[in-house]
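Below is one structure; the comments refer to it alone.
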Protein chains: 2
Amino acid sequence: MNNVVKIILAEDEPALGQIVKESLEMRNFEVLLCVDGEEAYKTYKIESPELLVLDVMMPKKDGFTLAKEIRKEDPNIPIIFLTAKSQTEDVVEGFNLGGNDYLKKPFSMEELIVRINALLKRKKNIDTLQTIELGEFTFDLQKQTLTHKNTTTSLTHRESELLHHLILHKDKVLERSFILKKLWGNDDFFNARSMDVFITKLRKKLKLDPSIQIINVRGFGYKLIY
Amino acid sequence: MNNVVKIILAEDEPALGQIVKESLEMRNFEVLLCVDGEEAYKTYKIESPELLVLDVMMPKKDGFTLAKEIRKEDPNIPIIFLTAKSQTEDVVEGFNLGGNDYLKKPFSMEELIVRINALLKRKKNIDTLQTIELGEFTFDLQKQTLTHKNTTTSLTHRESELLHHLILHKDKVLERSFILKKLWGNDDFFNARSMDVFITKLRKKLKLDPSIQIINVRGFGYKLIY
DNA sequence: AACAGTTGTTAACACTGTTTAACTGTAATA
DNA sequence: TATTACAGTTAAACAGTGTTAACAACTGTT
């Protein structure tokens with residue numbers, strides 16, 4: 001529930017790093033300044049920031065390499081690269097999609113702020129589009145996760161798809177044959193039994209909020225209520 | 001199917017409005033900022049928000065007047081009033097029922113967030129919890145439960161549907177053939193016998209309140225009285 | 001290729017809800 | 001009061017569902 005946006009700033013030149021850090025802090029960002037790529041990665045793991053500002057040329061690990069590693073863990077986290085004049089634009093361009101942006105040095109603080117806010121807004125839109133509130137849970141279809149207070153459970157693909165359909169039909173009966181055809185391809189006996197198993201698994205994972213229930217309607221299907 | 005909560009914020013002081021708007025947006029609300037009561041009303045008509053935060057003292061139309069107008073169209077929409085220090089409490093108290101709340105300026109964002117979430121939760125409960133009082137029982141159609149004092153009995157789907165129809169026709173005769181066609185598909189002899197069994201089961205479960213009775217009308221059907 | 005880890009399916013057995021059946025009870029009519 | 005049709009109750013039978021664990025298929029890694 002913290003409201004301050006946490007940012008990692010990886011910049012090896014101390015003077016520049018300090019100035020940028022202070023300017024951002026004046027705009028109410030929490031800035032974690034790192035002097036090289038490795039430190040930035042470690043800090044990333046510990047702090048889980050919302051956004052990263054990475055100098056491309058850094059000791060120990062350059063910004064692009066670091067970005068690739070971080071993207072494996074969080075494909076949507078916004079990253080802004082700071083590039084030297086010498087840097088060719090096309091190298092950066094390759095990265096300029098998804099939650100990325102870049103700034104050529106020297107840059108003004110205004111430019112940086114604008115880009116940070118743009119990426120944060122973009123991320124917010126993506127996040128809110130992908131998640132569904134389900135009682136006390138937040139269900140993220142993309143990430144296949146169920147978050148309850150501070151604990152996040154990961155769902156398998158089947159669990160996730162099944163839950164998604166239950167949510168889309170909430171308070172209505174989701175017919176067995178419909179969902180079986182949709183997710184399993186056909187509604188034969190064995191697939192039906194397989195589906196039963198997944199219902200059990202979902203019920204277990206949804207137990208943290210007892211007001212959420214998957215109710216069986218004998219002979220027809222299931223109804224999700226909360 | 002969109003999940004983001006839309007809020008109207010009517011506040012004539014630009015600086016305050018902007019700060020609150022941004023703080024709420026950081027909490028993933030969609031905020032429509034209006035500078036006076038008339039604009040707020042128009043925006044309300046177009047956007048149908050889930051909740052309103054209204055400054056009491058505003059140009060063109062004050063918060064209370066606006067609230068009254070909006071309540072004519074939607075008696076349940078949550079409204080939070082922002083009141084200046086000078087405002088007497090009792091004026092606000094009169095409004096402080098149903099889906100209303102108020103905050104004295106100056107207020108912290110935390111207070112506002114808490115109140116917003118409380119009202120949204122309250123509204124969600126009202127919307128989704130469609131329970132029916134049945135004598136000493138509370139019948140929850142969604143959950144398929146009958147609650148008597150502190151004990152809750154769960155009903156099967158058939159029991160639940162049958163009871164629901166009896167309640168909808170309370171004090172009137174619910175015809176056998178009608179309910180058989182509705183719940184069983186057709187009113188042949190065997191289904192009729194099956195229905196008898198369910199009437200027996202319901203009678204058993206309703207015994208805790210002896211004033212409730214399912215009375216048979218020979219040749220026609222059943223009548224629920226209490 | 002061997003491996004560990006994960007995910008989905010199958011199988012087995014326990015349990016539940018609905019229907020069927022058998023038997024008992026009751027109201028209406030002659 | 002005897003007859004008859006309808007309704008009440010109980011329990012057995014059955015089909016549908018719940019749950020667990022073992023197994024198979026797939027994944028990525030060494």
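In what follows, chains are A, B, ... by sequence order, proteins preceding strands, each numbered from 1. Owing to the predicted nature of the structure, the values given are computational and were not obtained by experimental measurement.
- Regarding contacts with the backbone of D/dG16, every side-chain N or O of A/Y222 stays at 4.0 angstrom or more from both OP1 and OP2.
- Candidate nucleotides D/dA7, C/dG8, D/dT9 were compared by shortest atom distance to the side chain of A/H157, and C/dG8 ranks first.
- Checking C/dT18, D/dT17, C/dT9 against every side-chain atom of A/F198, the shortest atom distance belongs to C/dT9.
- Taking atom CD1 of residue B/I215 and atom P of nucleotide C/dA27, one finds them 12 Å apart after rounding to whole Å.
- What separates CZ of A/F220 from C1' of C/dG17 is a distance of 13 Å, to the nearest Å.
- When the P atom of C/dT9 is taken as reference, atom CD of A/E159 falls 12 Å away, rounded to whole Å.
- Between B/S194 and the phosphate of C/dT19, there is a side-chain N or O to OP1/OP2 separation shorter than 4.0 Å.
- Centroid-to-centroid, the aromatic rings of B/F178 and B/H169 come within less than 6.0 Å.
- The CG-P distance, from A/L162 to C/dG8, rounds to 11 Å in whole Å.
- Remark: side-chain polar atoms of A/K223 are not paired, donor with acceptor, to backbone N or O of A/K170 under 3.5 angstrom.
- Atom CG in A/L155 sits roughly 14 Å away from atom C1' in C/dT6 (whole-Å rounding).
- Separating the CD1 atom of A/I199 from the C1' atom of C/dT9 is a distance of 16 Å, rounded to the nearest angstrom.
- Under the 4.0 Å criterion applied to side-chain N and carboxylate O atoms, A/E110 and A/R27 are assigned as salt-bridge partners.
- Because its NZ or CZ atom is both nearer than 6.0 Å to the ring centre of A/Y41 and within 45° of the ring axis, A/K61 counts as a cation-pi partner of that residue.
- Below the 3.5 angstrom threshold, one finds no donor paired with an acceptor across the side chain of A/R158 and the base of C/dT7.
- For C/dG8, the OP1/OP2 oxygens have no side-chain nitrogen or oxygen of A/W184 closer than 4.0 Å.
- Side-chain atoms of B/R218 come within donor-acceptor range of the base of D/dA5, with a qualifying N/O pair under 3.5 Å.
- Applying the 4.0 Å criterion to OP1 and OP2 of C/dT7, one finds that A/K201 has every side-chain N and O outside that range.
- Rounded to a whole Å, the CG atom of B/N216 is 10 Å from the P atom of C/dA27.
- Spacing between atom CZ of A/F190 and atom C1' of D/dA24 amounts to 15 Å, rounded to whole angstrom units.
- Here the side chain of A/T200 is nearest to one of D/dT19, D/dT9, C/dT18, namely D/dT19.
- Side chain of A/R193, nearest nucleotide from D/dT19, C/dG17, D/dA7: D/dT19.
- A sub-4.0 Å separation between OP1 or OP2 of C/dT18 and a side-chain N or O of B/T156 is present.
- Between B/D187 and B/K182 there is no salt bridge, since none of the side-chain N atoms of the basic residue sits less than 4.0 Å from a carboxylate O of the acidic one.
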